[in-house]
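Here is how names work: the chains are called A, B, and so on, in the same order as the sequence lines, proteins then strands, and each is numbered from 1.
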Protein chains: 2
Amino acid sequence: MYQGNTGVTAEVTAPDTKPGCEQAHNEDPACTVRQVLDRVGGKWSIGILVEASNGPVRFTELERSLDGISRRMLTLTLRNLERDGLLVRTVYPTVPPKVEYAATPMARELYDSLTALTSWADRHRDDIAVARADYDRAHSN
Amino acid sequence: MYQGNTGVTAEVTAPDTKPGCEQAHNEDPACTVRQVLDRVGGKWSIGILVEASNGPVRFTELERSLDGISRRMLTLTLRNLERDGLLVRTVYPTVPPKVEYAATPMARELYDSLTALTSWADRHRDDIAVARADYDRAHSN
DNA sequence: CAGTATCCCAGCAGATACTG
DNA sequence: CAGTATCTGCTGGGATACTG
């Protein structure tokens with residue numbers, strides 16, 4: 001029985017004990033996918049992962065790369081990615097402070113896995129556009 | 001420049017004209033991924049896609065399979081998936097009415113692409129659990 | 001520079017009553 | 001059976017001022 005996701009990235013840091021498909025070993029493929037999506041489904045997670053995959057990046061660097069992100073969300077998303085072991089945070093005790101975020105091997109693997117999705121999206125971009133146009137035309141009356 | 005997602009599944013039917021990376025041909029891999037996630041990132045989309053991949057399913061059938069889903073969200077998600085060309089809705093004008101939802105080839109392809117993610121999740125389930133435990137321990141003081 | 005602390009809101013999602 | 005219509009809440013996410 002599929003039970004949906006858990007509520008995406010929690011504000012404070014999700015208590016990972018909620019009813020549903022987040023037990024350690026659930027065979028349902030849908031649940032497994034949802035676990036990944038819950039982890040990187042946030043608005044900025046993927047973008048950060050991509051930036052950090054090209055080598056360590058600094059806070060302000062990310063702030064400039066991710067157009068429109070707020071300081072709040074940048075911090076929050078970084079913390080969650082770090083917590084899940086996808087990023088490593090390194091503080092250089094200099095003045096002014098310097099902090100670098102680096103993607104872990106696990107994160108790079110994840111990024112590679114995501115290429116299957118980019119491939120799908122590339123192949124069906126136009127199909128989807130057509131489908132939407134058809135649907136909207138058929139339902140506009 | 002990565003610009004995040006657009007706001008996920010729209011309530012009424014998203015106007016697909018928003019600032020960011022949703023233009024027809026954006027090369028940024030992060031943006032491409034986001035487009036897919038925006039499409040199937042909803043709480044119930046994947047679950048529905050999975051169910052419908054085993055053959056046509058009826059509304060009430062889905063309602064029972066997807067534990068905790070509300071009629072409203074089921075309808076909304078079905079409509080969006082249909083609009084994107086991932087599901088085909090067939091109405092049999094009988095009494096009582098019978099409606100079937102079937103996954104399109106495009107949806108099956110998507111589902112196959114998602115296996116890369118399930119694989120990743122399976123491989124790193126434990127790593128993530130450990131990372132979280134470590135993080136939480138290190139930050140509880 | 002790299003955050004934290006607040007305030008605030010849009011819209012996703014739940015519950016429920018009604019209908020062709 | 002297969003929805004639609006409402007009302008309401010939650011929370012992801014934006015803006016911004018302040019700080020070690």
Side-chain angles (χ1 to χ4, degrees), chain A residues 3-15 18-20 34 37-48 56-82 87 89-101 139, chain B residues 3-15 18-20 34 37-45 47-48 56-80 82 87 89-101 139:
Chain A
Q3 306 203 10
N5 70 2
T6 55
V8 199
T9 321
E11 188 74 31
V12 180
T13 277
K18 286 181 189 160
R34 274 251 56 90
L37 294 188
D38 287 351
R39 197 152 287 116
V40 297
K43 185 171 178 178
W44 304 103
S45 303
I46 302 277
I48 292 177
V57 281
R58 303 181 58 174
F59 190 89
T60 310
E61 238 180 297
L62 284 169
E63 198 172 14
R64 274 190 295 265
S65 305
L66 308 171
D67 190 44
I69 195 173
S70 63
R71 270 195 163 66
R72 188 183 114 85
M73 284 318 296
L74 180 52
T75 303
L76 232 51
T77 309
L78 285 171
R79 292 291 172 274
N80 279 314
L81 292 175
E82 188 196 354
L87 289 182
R89 179 170 178 272
T90 310
V91 183
Y92 298 92
T94 58
V95 180
K98 172 177 174 179
V99 179
E100 278 186 345
Y101 294 88
H139 293 78
Chain B
Q3 307 202 9
N5 71 1
T6 54
V8 200
T9 322
E11 187 75 31
V12 181
T13 277
K18 286 183 189 158
R34 275 251 54 91
L37 294 188
D38 287 351
R39 199 151 287 116
V40 298
K43 186 171 179 179
W44 304 104
S45 304
I48 291 177
V57 280
R58 303 181 58 174
F59 189 90
T60 310
E61 239 180 297
L62 285 169
E63 199 172 12
R64 274 191 293 266
S65 305
L66 309 171
D67 190 44
I69 195 172
S70 63
R71 270 194 163 67
R72 188 184 115 83
M73 286 316 296
L74 180 52
T75 303
L76 233 51
T77 310
L78 285 171
R79 292 291 171 275
N80 280 314
E82 187 196 353
L87 288 183
R89 178 171 178 271
T90 310
V91 183
Y92 298 92
T94 57
V95 180
K98 172 178 175 179
V99 179
E100 279 187 346
Y101 294 89
H139 292 80

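Atom CG of A:Leu78 and atom C1' of C:dA2 are 10 Å apart (whole Å). A straight line from CG of A:Leu76 to C1' of C:dG3 spans 12 Å, rounded to a whole angstrom. Regarding B:Arg72, its CZ atom lies at a distance of 14 Å from the P atom of D:dT8, rounded to whole Å. Following rounding to the nearest Å, B:Glu63 (CD) and C:dA15 (P) show an atom-to-atom distance of 12 Å. Here C:dG3 presents its P atom at 14 Å from CG of A:Asn80, a figure rounded to the nearest Å. Rounded to an integer number of Å, the gap from A:Met73 CE to D:dG12 P is 8 Å. Rounding to whole angstrom units, CG of residue B:Leu66 and P of D:dG3 are separated by 14 Å. Atom NZ in A:Lys43 sits roughly 12 Å away from atom P in C:dC12 (whole-Å rounding).
OP1 or OP2 of D:dA2 lies within a sub-4.0 Å distance of a side-chain N or O belonging to B:Thr60.
Residues A:Arg89 and A:Leu78 are not in side-chain contact: their nearest non-hydrogen atoms beyond the backbone lie 4.5 Å or more apart.
A:Trp44 approaches A:Asp67 most closely through the heavy-atom pair CH2-O, 3.4 Å. Across B:Lys43 and A:Arg34, no two heavy atoms sit closer than the pair O-CD, 3.7 Å. Residues A:Thr94 and A:Pro96 approach most closely at OG1-O, 2.8 Å, considering heavy atoms.
With distances taken from any side-chain atom of A:Arg79 to the nucleotides D:dC1, C:dT4, C:dC1, the minimum falls on C:dT4. Distance from the side chain of B:Arg89 is smallest for D:dG3 among the nucleotides D:dG20, D:dG3, D:dC1. Among the nucleotides C:dT4, D:dA2, D:dA15, the one closest to the side chain of A:Ser70 is D:dA15. Nearest to the side-chain atoms of B:Arg71 among the listed nucleotides C:dG14, D:dG3, C:dG3 stands D:dG3.
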Item checked: Verdict with supporting geometry, A:Arg79 and A:Leu76, side chain to side chain contact (heavy atoms under 4.5 Å, CB included) -> CA-CA 5 Å; A:Arg79 292 291 172 274; A:Leu76 232 51; 5.8 Å; no
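Counting any heavy atom pair closer than 4.0 Å across all strands shown, B:Thr75 reaches a base atom. Among the protein residues, A:Tyr101 comes within range of the sugar-phosphate backbone only, with heavy atoms under 4.0 Å from sugar or phosphate atoms but none that close to a base.
Nucleotide C:dG20 is matched to D:dC1 when pairs are restricted to Watson-Crick or G-U wobble geometry with both distances under 3.5 angstrom.
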